[in-house]
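Side chains included, hydrogens not; waters and symmetry mates left out as well; all remaining heavy atoms used. Because the structure is a prediction, the values reported are computed rather than measured.
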Amino acid sequence: MPRPISNKTVADTLYEISLILDAEGVSFKPQAYEEAANTVRSLDEELSDLYKKCGLKCIDDLPGIGQSIAEKIEELLKTGRLAYYQKLKKKYPLDLLELTNIQNIGAKTAIKLYKKLGIKTVADLEKAAHAQKISKLKGFGQRTELDIIRQIAFKKLSRGRFLIHSALPLTESIIKELKSVSGVTHCEVAGSVRRRQETIGDIDLLITTSKPELAIKKFVSLPEIARVLEKGPSKIMVRYRFGMNGDLRILKPEEYGSALQYFTGDKEHNIALRKIAIKKGYKLSEYGLFKGKKHVAGKTEEGIYKTLGLDWIPPEIRTNSGELEAAAKHQLPDLIPYGSLKGDLQVQTNWSDGESSILEMAKAARAAGLSYIGITDHTQTLAVAHGLNEDKLKKQITEIDRVNKKIEGFKVLKSTECEILTDGRLDIKDEVLKKLDLVCVAIHGRTKMSSEEMTKRIIRALKHPLVNILLHPTGRIVNYREAYKMDFAQVLRAAVEYGVALEINSSYRLDLKDALIRQALEAGAKFTISSDTHSTGGFADLQFGIAQARRGWTTKADVLNTKPVDSFLKALKGLKK
DNA sequence: GCCGTTTTCGGCCCGACTGTTTTCAGTCG
């Protein structure tokens with residue numbers, strides 16, 4: 001017996017119908033469906049119970065629900081589906097409920113954005129807004145685009161946690177301001193920002209200063225701060241404009257290290273570390289490491305770990321999952337340093353859904369400190385992204401040759417984000433793929449297959465002799481979408497066997513996630529870290545991919561694009577043997 | 001599509017506001 005359809009499902013369905021009808025310019029029906037949805041939403045009794053009790057008549061008797069809608073509800077309750085609704089959804093396969101939940105986005109706007117830009121979800125919307133695609137549409141402007149970005153940020157706030165992508169730049173600008181205040185000797189962020197977690201709850205700032213009143217005055221007057229929630233002599237709590245909360249703690253210099261350690265966490269790591277301290281006859285707290293009453297360490301984090309017989313542990317891997325044991329044995333991995341990437345292997349241009357030309361992206365990459373990029377425009381199956389067919393890809397190859405002659409000390413590699421079809425074949429012919437410097441593959445469509453089908457699909461693509469990198473391997477999107485159902489261990493074995501590197505995607509996907517990176521590492525996989533940028537500003541995101549790699553215990557040697565272009569290509573091709 | 005009866009079809013809220021336009025469309029309340 002399937003679970004009975006909930007009132008919420010019925011109400012959502014009716015409401016979505018009203019949105020679609022409204023967008024289609026139908027008169028009066030939308031209000032009727034909306035009214036019916038509201039009635040259902042506010043019912044105390046479950047419709048399925050009501051229906052069992054007295055059938056269609058009781059539903060028809062509800063205010064705002066007449067014969068037609070009552071019959072639709074009956075169909076839903078009986079079969080779990082509604083043909084009328086599904087017909088509409090086929091025409092408009094976008095998440096209208098989610099999209100119209102954003103301020104100033106109504107059904108008409110949502111459907112217009114779907115028709116023009118293929119936007120189906122808030123994630124798509126955000127991506128398009130950041131890529132400045134919306135302001136280019138007729139009837140939309142820059143204000144609207146910025147407002148969309150702001151509104152989406154607010155939505156994320158309501159979920160409680162923000163992406164590191166927005167939290168870190170905010171944190172860094174505040175630290176910069178505070179460091180410029182007279183008397184400040186240290187200023188650093190602790191907590192999940194320092195550990196570079198995917199999502200951030202609040203921003204914990206620590207400072208030491210000889211003039212606390214000046215630092216406090218500066219802090220509470222920062223434009224980023226919306227409201228001061230609490231203000232004492234050593235701790236200030238605020239709400240930032242983007243909705244995140246944060247603390248500023250003013251510390252004594254001799255406690256700075258122990259406070260930094262304590263507030264950085266994570267909790268499991270701290271508990272385990274305190275147990276080690278107890279075992280060795282110490283007591284560890286945010287105020288220092290004590291032997292009896294004697295303060296033996298606490299000015300620096302290094303001093304605390306060292307006194308306990310441990311190497312200093314990078315914040316990203318403080319999770320109590322083997323790092324303390326490794327630190328005791330002096331066997332911590334030498335994590336890939338920030339800023340150590342020489343190339344970016346996923347870059348979209350205006351040949352598909354990116355916003356800038358190949359040359360503009362190359363110049364921006366060079367300015368960001370890189371010496372090569374791979375151009376990975378989408379391929380033909382991804383029509384919404386204006387994917388390239390064989391002819392266009394060949395033309396792009398010629399264009400890249402031209403760009404390479406124009407730009408010195410930099411290399412643009414010919415590549416592709418080639419779509420993996422449902423059965424695992426690629427949607428570009430081998431004869432064209434062969435002309436590329438490297439071939440990246442990815443999945444965008446038909447993501448909801450069974451685990452068996454998906455595993456088979458990906459492995460078939462990995463087996464293709466020309467394939468070098470699997471992009472965003474699991475399809476997950478932070479805070480938004482789970483990974484596809486698949487047998488990751490099998491995919492991993494195939495990647496290693498067929499010599500395909502796995503991408504660590506630096507965008508809001510952060511795909512692979514840390515645990516899978518570590519699993520892949522143990523299986524002998526190699527990685528590339530890429531930005532997946534669609535605009536010239538996107539190369540800054542690479543730091544988040546590095547953070548992700550670090551949380552997965554990855555070293556420089558594990559990440560192929562830490563190498564200069566020639567040895568990168570050699571190493572990548574070398575995986576095939 | 002619902003409602004309310006004037007029992008079988010006509011009425012259903014609409015103006016403020018905003019961003020984009022240059023006279024309007026869409027959202028919100």
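Across every strand in view, B:dT8 sits unpaired, with no contact that passes the Watson-Crick or G-U test at under 3.5 angstrom.
A search for salt bridge (charged side-chain N to carboxylate O under 4.0 Å, His left out) contacts involving A:E24 returns A:K91, not counting sequence neighbours. Shown here are the ring-ring contact (aromatic ring centres under 6.0 Å, His included) partners of A:H165, two or more places apart in sequence or in another chain: A:F544.
Taking every nucleotide of DNA chain B with any atom under 4.0 Å from a non-hydrogen atom of chain A, the first and last of them, 5' to 3', are B:dG1 to B:dC28.
Within 4.0 Å (heavy atoms only), A:L21 reaches no atom of the nucleic acid at all. Here A:Q142 lies in heavy-atom contact (under 4.0 Å) with sugar-phosphate atoms only. Residue contacts for A:K108: at a heavy-atom cut-off of 4.0 Å it reaches the sugar-phosphate backbone alone, with no base atom in range. Note on A:A107: only backbone sugar-phosphate atoms sit closer than 4.0 angstrom, heavy atoms only; bases stay farther off. As judged by a 4.0 angstrom heavy-atom cut-off over every strand, A:P63 is placed among residues touching the sugar-phosphate backbone only.
Between A:Q346 and the options A:T533, A:I529, A:T528, A:T376, a side chain to side chain contact (heavy atoms under 4.5 Å, CB included) holds for only A:T376.
The closest side-chain donor-acceptor pair between A:E419 and A:H444 falls under 3.5 angstrom. For the residue pair A:E71 and A:Q67, a side-chain donor N or O sits within less than 3.5 Å of a side-chain acceptor on the partner.
By the 4.0 Å N-to-carboxylate-O rule, A:D12 lies close enough to A:K8 to be salt-bridged with it.
Taking both residues in full, the closest heavy atoms of A:L94 and A:E16 are given as O-OE2, 3.8 Å, listed atom of the first, atom of the second, then distance. Across all non-hydrogen atoms, the minimal contact from A:D532 to A:S507 is OD2-OG, 4.1 Å.
Formation of a donor-acceptor pair under 3.5 Å by the A:D344 side chain with backbone atoms of A:S531 is found in this model.
Contacts between residues 67-88 of chain A and DNA chain B, defined by a heavy-atom separation below 4.0 Å, involve A:Q67, A:S68, A:I69, A:K72, listed by number. Only at 4.0 angstrom or more do the heavy atoms of residues 8-16 of chain A sit from any atom of DNA chain B, so none qualifies.
Residues in residues 358-382 of chain A take part in no salt bridge (charged side-chain N to carboxylate O under 4.0 Å, His left out) pair, two or more places apart or across chains.
Nucleotide B:dT18 is shown with an anti base, its glycosidic torsion being more than 90° from 0.
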Original post:
What do the steps show when you test A:R402 against A:E399 for salt bridge (Lys or Arg N to Asp or Glu O under 4.0 Å), and what is the final call?
Top reply: CA-CA 5 Å; A:R402 209 174 62 83; A:E399 171 65 11; 2.9 Å; yes
